[in-house]
Amino acid sequence: MSIIPSFFGGRRNSIFDPFSLDTWDPFRDFQLMDASRDTSAFVNTRVDWKETPEAHVFKADLPGIKKEEVKVELEDDRILQISGQRNVEKEDKNDTWHRVERSSGKFTRRFRLPENAKLDQVKAAMENGVLTITVPKEELKKPDVKSIQISG
């Protein structure tokens with residue numbers, strides 16, 4: 001369906017519409033990490049990942065979702081997974097919807113943590129619709145550098 005109005009009697013014309021929801025998408029079938037198709041409702045779940053000297057900090061915007069509806073998991077190979085579900089609001093037969101923009105359904109985001117992540121000390125907290133996950137870092141030992149004298 002196009003958001004560009006048709007000026008030809010309501011018929012859809014053959015002009016390419018870059019804003020159309022059913023245009024060809026070269027990335028439609030591309031999945032980075034085992035995400036299922038039913039996660040498309042929350043594909044826009046925004047996650048920030050910053051690294052401080054002490055930790056990796058993830059912040060996910062999850063407005064309207066309770067902490068009981070969110071799962072934070074660590075998988076083998078240092079994969080951090082954030083998943084959950086927002087249920088569809090119950091509809092009353094007497095209600096008239098004028099616009100539905102909030103998405104519902106399942107969401108999953110996955111991140112491969114770096115080698116210096118302390119996987120046994122991960123903490124998560126949820127406040128005001130923002131999930132914060134803190135992954136402490138190990139200090140990587142700097143390699144000992146030994147100077148070799150050149151003879152000759």
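When reading the values below, keep in mind they use all heavy atoms of this one structure, side chains included, and skip hydrogens, waters and symmetry mates. Numbering of residues begins at 1 and proceeds along the displayed sequence.
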Note: K59 and V130 closest approach over all heavy atoms is CB-CG1, 4.3 Å

In this structure, CZ of R110 is separated from OG1 of T108 (nearest 0.5 Å) by 8.0 Å

Practice problem: Report yes if some heavy atom in the side chain of E138 is under 4.5 Å from a heavy atom in the side chain of K118; otherwise report no. | Solution: yes

Value for CZ (R46) from CG (D48), rounded to nearest 0.5 Å, stands at 10.0 Å

So CZ of F107 and CG of L62: to nearest 0.5 Å the spacing works out to 4.5 Å

Scanning both residues in full, the closest heavy-atom pair of P136 with Q121 reads CD-O, 3.3 Å

| field | Any donor-acceptor N/O pair, R109 side chain to T45 backbone, under 3.5 Å | value | yes

**OP:** Any chance you could lay out the side chain to side chain contact (heavy atoms under 4.5 Å, CB included) test for D77 and E75, step after step, and finish with the verdict?
**Re:** CA-CA 6 Å; D77 297 328; E75 298 179 2; over 6 Å; no

Is it the case that over 12 heavy atoms from other parts of the model lie below 6.0 angstrom from the NZ atom of K67? no

Worksheet item: Less than 4.0 Å between a side-chain N and a carboxylate O, is that true for E73 and K71?
Response: yes

Query - Short side-chain to backbone donor-acceptor contact, D92 and N94, under 3.5 Å - result: yes

Nearest heavy-atom contact between M126 and V70 is CE-CG2, 4.3 Å

CG of D120 to CG of L74, rounded to nearest 0.5 Å, is 10.0 Å

Of all heavy-atom pairs linking W49 and H56, the shortest is NE1-ND1, 3.2 Å

Notebook entry, point to check: Are more than 12 heavy atoms from other residues, nucleotides or ligands located less than 6.0 Å from atom CD of E68?
Noted result: yes

Which of T132, V122, L131, L80 passes side chain to side chain contact (heavy atoms under 4.5 Å, CB included) with F58? It is L80

*asked:* Between R86 and P63, is there a side-chain heavy-atom distance shorter than 4.5 Å?
replied: yes

Next on the checklist: For a side chain to side chain contact (heavy atoms under 4.5 Å, CB included) check, start with the C-alpha distance between N116 and E51, then their side-chain angles and the critical distance, and finish with the verdict.
Outcome noted: CA-CA 11 Å; N116 65 349; E51 183 175 355; 4.2 Å; yes

>> Evaluate F111 against V135 for side chain to side chain contact (heavy atoms under 4.5 Å, CB included), listing each step before the verdict.
In response: CA-CA 12 Å; F111 302 92; V135 183; over 6 Å; no

For T52 and K137, the nearest pair of non-hydrogen atoms, with its separation, is O-NZ, 3.0 Å

